[in-house]
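Have a look at the structure below, then the notes.
Scope of the values below: all heavy atoms of this structure, side chains included, with no hydrogens, waters or symmetry mates.
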Amino acid sequence: MTTLTAADLGALARGAAVLGTGGGGDPHIGRLLAEQALRVHGPVEIVSVDDLPDDACVLPVAMMGAPTVMVEKLPSADQIAIAVRTLAKYVGKTPTHIACIEAGGVNSTVPVIAAAQLGLPLVDGDGMGRAFPELQMVLPTLAGIEATPMSIVDEKGNRGVFDTISNAWAERLARSATVDMGCSAIVSLYAMTGAEVRASFVPGTLSQCLATGRAIDAARRTLRDPVAAVVDRLGGRMLHVGKVVDVQRRTTTGFARGDATVDGLDTSLGRLLVLRFQNEHLVAEIDGAAVTTTPDLIIVLDTESGEPITTEALRYGQRVSVLAAPSDERWHSPAGIELVGPRYFGYDLDPIRALETV
């Protein structure tokens with residue numbers, strides 16, 4: 001992939017929502033915003049992680065906040081470019097590339113908008129290989145790269161810059177500001193050189209998103225199982241098939257938190273699966289026993305269409321398939337588990353990997 005056009009965005013947003021594990025924002029909203037930017041400004045050049053110059057100035061940009069809020073409170077187009085310009089002005093550098101900090105329906109398309117508006121190439125990679133709810137939860141943190149200085153911008157035009165003592169403090173202060181800004185904002189952070197991106201990013205994420213979205217499309221066109229196509233593409237496994245019978249969801253402290261219960265059907269008949277989420281799915285339990293946990297991917301798809309279902313879109317009566325897929329191996333290091341493992345989120349569990357036999 002060397003360029004990204006409006007025709008690619010459907011598959012890109014769909015595949016990004018798969019990797020987003022329920023978080024990262026509504027893929028339909030992200031697609032519409034990005035399509036408008038590409039119609040106005042033209043295609044975006046895509047650059048692989050390996051081709052970045054050592055001295056490149058790479059600025060990631062993303063939405064921060066509760067996905068439940070963004071369904072009704074859309075960012076303005078200018079808000080996204082302003083976040084990048086604000087950070088560039090503060091650090092006193094001219095950006096050469098834009099990047100995604102996470103995979104997700106919105107957070108894989110917000111950088112497309114910034115790249116189109118600013119006429120900059122977009123890096124084919126991201127800082128997680130999936131989505132996580134807090135901004136310090138990225139592989140650059142494990143590599144010792146600082147989140148700040150970071151900019152934060154709301155849809156009203158308010159903007160600010162944080163320069164904190166740690167990445168955890170960046171999350172804490174930016175989260176409070178995000179809540180005051182209406183529980184969603186645009187941030188630009190983790191300013192990196194090309195060498196730092198190569199050392200810390202997951203390469204090929206946008207290509208993976210595009211290929212996953214196209215695999216779903218191709219399966220539907222040829223009357224094959226789109227869920228099986230995703231399992232094959234990601235090297236994962238099926239956990240459960242069933243009907244959503246209960247969703248307990250609340251927006252609190254800038255997150256969408258809750259649980260969803262899926263009553264088993266077909267091969268899962270007689271079993272009950274519970275999903276625990278904080279923006280993203282963190283734990284999957286079957287009949288009271290955890291079967292997969294963060295940092296591996298827990299993915300919910302519509303059983304018939306293969307469309308990814310985000311945590312804010314889960315509803316009673318949906319027929320869903322729940323999958324597990326492996327994350328980037330760096331997340332399973334001791335430091336990675338400390339940063340994003342189940343115990344960080346309050347679950348008294350050791351990590352259970354997607355491909356473990358339960």
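The environment of CD in E146 is sparse: at most 12 heavy-atom neighbours from other residues, nucleotides or ligands sit within 6.0 Å. Counting heavy-atom neighbours within 6.0 Å of R172 CZ, excluding the residue itself, gives a total of 12 or less. At most 12 non-hydrogen atoms from other residues, nucleotides or ligands lie less than 6.0 angstrom from NE2 of H28. Within 6.0 Å of CZ on R271 lie more than 12 heavy atoms contributed by other residues, nucleotides or ligands.
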Apply side chain to side chain contact (heavy atoms under 4.5 Å, CB included) to the pair T96 and L120, showing each step before the final yes or no.
CA-CA 6 Å; T96 60; L120 295 175; 5.7 Å; no
Verdict with reasoning, K243 to L265, per side chain to side chain contact (heavy atoms under 4.5 Å, CB included)
CA-CA 7 Å; K243 172 186 172 181; L265 298 172; 4.1 Å; yes
Next item on the list: Go through I216 and V230 one step at a time and tell me if the side chain to side chain contact (heavy atoms under 4.5 Å, CB included) criterion holds.
Entry: CA-CA 7 Å; I216 294 171; V230 174; 3.5 Å; yes
Exercise for review: Start with the C-alpha distance between R343 and D348, add both sets of side-chain angles, then the distance that settles salt bridge (Lys or Arg N to Asp or Glu O under 4.0 Å), and finish with yes or no.
Suggested key: CA-CA 6 Å; R343 285 193 167 83; D348 188 19; 3.1 Å; yes
Side chain to side chain contact (heavy atoms under 4.5 Å, CB included) evaluation trace for L4 with L9:
CA-CA 8 Å; L4 188 70; L9 289 175; 4.1 Å; yes
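Judged by distance alone, the side chains of T178 and R175 never bring a donor and an acceptor atom under 3.5 Å apart. Counted by atom type alone, E102 and N107 present one or more donor-acceptor pairs between their side chains at under 3.5 Å. With hydrogens and angles left out, the side-chain atoms of T303 and S321 include a donor and acceptor closer than 3.5 Å.
We find the CZ-CG distance between R159 and L87 to be 13.0 Å, quoted to the nearest 0.5 Å. Taken from SG in C183 to CE in M64, the straight-line distance is 10.5 Å, to the nearest 0.5 Å. Interatomic distance, OG1 of T141 versus CE of M128, reported as 8.5 Å (0.5 Å rounding). In this structure, T311 OG1 and N279 CG are separated by 6.0 Å, a value rounded to the nearest 0.5 Å. I113 contributes atom CD1, which lies 10.0 Å from atom NE2 of H41 (distance to the nearest 0.5 angstrom). Interatomic distance, N167 CG to L142 CG, rounded to the nearest 0.5 Å: 10.0 Å.
Taking the centre and axis of the six-membered ring of F132, the NZ or CZ atom of R130 falls inside the cone set by 45° and 6.0 Å.
Residues I101 and V197 share a single hydrophobic cluster, defined by chaining ILVMFWY side chains whose heavy atoms lie under 4.5 Å apart. The hydrophobic clustering, which links ILVMFWY residues whose side-chain heavy atoms are closer than 4.5 Å, places F162 and L189 together. I286 and L323 sit in two unconnected hydrophobic clusters of ILVMFWY residues. Membership requires side-chain heavy atoms under 4.5 Å apart, directly or through other members. I309 and M238 are assigned to two separate hydrophobic clusters, defined by single-linkage of ILVMFWY side chains at heavy-atom distances under 4.5 Å. Cluster annotation: L314 and V241 are assigned to distinct hydrophobic clusters (Ile/Leu/Val/Met/Phe/Trp/Tyr, side-chain heavy-atom contacts under 4.5 Å, transitive).
When all heavy atoms of L239 and A284 are compared, the closest pair comes out as CD1-CB, 4.1 Å. In terms of heavy atoms, G236 sits closest to P326 at CA-CD, 4.3 Å. Of all the heavy atoms in I98 and P111, the pair that sits closest is CG2-O, 3.6 Å. Across V61 and A114, no two heavy atoms sit closer than the pair CG1-CB, 3.8 Å. Closest approach of L52 to G194, counting heavy atoms only: CB-CA, 4.0 Å. Scanning both residues, A290 and I352, for their nearest heavy atoms gives O-CD1, 3.3 Å.
In this structure, P60 and M192 have side chains that are in contact, with non-hydrogen atoms separated by less than 4.5 Å. Residues Q278 and P133 are in side-chain contact: their nearest non-hydrogen atoms beyond the backbone lie under 4.5 Å apart. The side-chain heavy atoms of D126 and L206, taken from C-beta on, include no pair separated by under 4.5 Å. Taking the side chain as every heavy atom from C-beta outward, I186 and I152 never approach each other to under 4.5 Å. The shortest distance between side-chain heavy atoms of E134 and Y344 falls below 4.5 Å. Side-chain contact check for E45 versus L122: every heavy-atom pair is 4.5 Å or farther apart. The closest side-chain heavy-atom distance from V110 to I80 is below 4.5 Å. Residues H332 and D296 meet the side-chain proximity criterion, which asks for heavy atoms closer than 4.5 Å.
Panel note: side chain T21, backbone I299; no donor-acceptor pair is recorded below 3.5 Å. Looking only at distances, no side-chain donor or acceptor of D263 sits under 3.5 Å from a matching main-chain atom of V245. Side chain of Y190 to main chain of V138: no donor-acceptor pair is present (N/O by atom type, distance under 3.5 Å, no hydrogens or angles). Under the 3.5 Å distance criterion, the side-chain polar atoms of Q318 are matched with a main-chain donor or acceptor of R315. In this structure, the side chain of T148 engages the main chain of T164 through a donor-acceptor pair within 3.5 Å. A distance-only check finds no donor-acceptor pair linking the side chain of D124 to the backbone of V47 [under 3.5 Å]. Side chain of S151 to main chain of A83: a donor-acceptor pair is present (N/O by atom type, distance under 3.5 Å, no hydrogens or angles). Side chain of T193 to main chain of E196: a donor-acceptor pair is present (N/O by atom type, distance under 3.5 Å, no hydrogens or angles). Using modelled atom types, no side-chain atom of E285 and backbone atom of V274 make a donor-acceptor pair closer than 3.5 Å. Remark: side-chain polar atoms of R237 are paired, donor with acceptor, to backbone N or O of A354 under 3.5 angstrom.
Only one option out of T310, V18, V106, T109 pairs with P27 in a side chain to side chain contact (heavy atoms under 4.5 Å, CB included); it is T310. Checked options L38, V44, V112, L210; the residue passing with D8 is L210 (criterion: side chain to side chain contact (heavy atoms under 4.5 Å, CB included)).
Under the 4.0 Å criterion applied to side-chain N and carboxylate O atoms, R353 and E329 are assigned as salt-bridge partners. Remark: E307 engages R14 in a salt bridge, criterion side-chain N to carboxylate O under 4.0 Å.
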